Amino acid sequence: YYITNNLRMSSSNSHTVLLVQPSHKPTSRTYCDFETLTEALEGVCKIYEEHLKELNPSSLSITYDISQLFDFIDDLSDMACLIFNRDQRTYEPKDKEWIKEKIYALLRKQAGK
C-alpha cells in the first residue's frame, strides 16, 4: 500500500490502535482499533468528517482540504497510533507528524486513482 522509505509494506496491513485525546482532560482519552494501518488513517479522516458534521448539521455535503484536516489533528491535545510489528511481536508508537505524513500519502494515492 504505502511505498515510502520509513514504512515497510507489511506495516500497512498490521493491526493498529489509534489513540485520541481531544482535550487536555484525561477523561477525553479514547481509542479505536483497526485491522490495518490504512483503516486507521481513514478512521482519522472520518473522525474529522464527524466533527465537521457536528459543526455544520444543516449541510448536505461536507468538503475540506488537507490543511484543514492537519489543523484539526494539530489542535487535538494528543493523537498517536500503535502499529503491530509482527517480527518483534510488539506495538510501535507513532506520533501526530507521522500520522499526517501517512494520511498525505494515502490521500495522494487515492487522488491518483
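What you are looking at is a predicted structure, and each value in this text was computed from that prediction instead of being measured. Quick note: residue numbers are just sequence positions, from 1.
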Engineer: Taking the side chain as C-beta and beyond, is there a heavy-atom pair between Leu41 and Ile99 under 4.5 Å?
Structural biologist: yes
Engineer: Out of curiosity, Ile73 CD1 to Ile103 CD1, how far, rounded to the nearest 0.5 Å?
Structural biologist: 4.0 Å
Engineer: Do you know which two heavy atoms are closest between Leu69 and Cys45, and how far apart they sit?
Structural biologist: CD2-SG, 3.9 Å
Engineer: Pairs of donor and acceptor atoms involving the side chains of residues 55-66, under 3.5 Å and at least two apart or interchain, shall be tabulated with distances.
Structural biologist:
unit_1, atom_1, unit_2, atom_2, d
Asn56, ND2, Leu52, O, 3.0
Tyr64, OH, Glu49, OE2, 2.7
Asp65, OD1, Ser67, N, 3.0
Asp65, OD1, Ser67, OG, 2.5
Asp65, OD1, Gln68, N, 3.1

Engineer: Run the side chain to side chain contact (heavy atoms under 4.5 Å, CB included) check on Asp33 and His15 step by step: do they pass?
Structural biologist: CA-CA 7 Å; Asp33 70 312; His15 183 257; 3.1 Å; yes
Engineer: How far apart are the closest heavy atoms of His24 and Ser77, and which atoms are they?
Structural biologist: ND1-OG, 3.3 Å
Engineer: Taking side chain as C-beta onward, heavy atoms only, is Asp78 less than 4.5 Å from Leu19?
Structural biologist: no
Engineer: State, to 0.1 Å, how close Cys81 and Thr16 come at their nearest heavy-atom pair, and which atoms those are.
Structural biologist: CB-CG2, 3.9 Å
Engineer: Quick one: side chain to side chain contact (heavy atoms under 4.5 Å, CB included) partners of Asp75, sequence neighbours excluded?
Structural biologist: none
Engineer: Restricting to non-hydrogen atoms, name the atom on Phe34 and the atom on Gly43 that form the minimum distance, rounded to 0.1 Å.
Structural biologist: CZ-CA, 4.1 Å
Engineer: Please enumerate all residues that pass side chain to side chain contact (heavy atoms under 4.5 Å, CB included) together with Pro22, with sequence neighbours excluded.
Structural biologist: Val20, Ser28, Leu76
Engineer: Using a 4.5 Å cut-off on heavy atoms from C-beta on, say whether the side chain of Trp98 contacts that of Ile83.
Structural biologist: yes
Engineer: Which pair of non-hydrogen atoms, one from Arg86 and one from Ser14, has the smallest distance, and what is that distance?
Structural biologist: NH1-OG, 3.5 Å
Engineer: Drop me the distance from Phe84's CZ to Glu92's CD, to the nearest 0.5 angstrom.
Structural biologist: 10.0 Å
Engineer: How long is the gap from CD on Gln21 to OG1 on Thr27, to the nearest 0.5 Å?
Structural biologist: 8.5 Å
Engineer: Determine, for Asp74 against Lys100, whether the closest basic-nitrogen to carboxylate-oxygen distance falls under 4.0 angstrom.
Structural biologist: yes
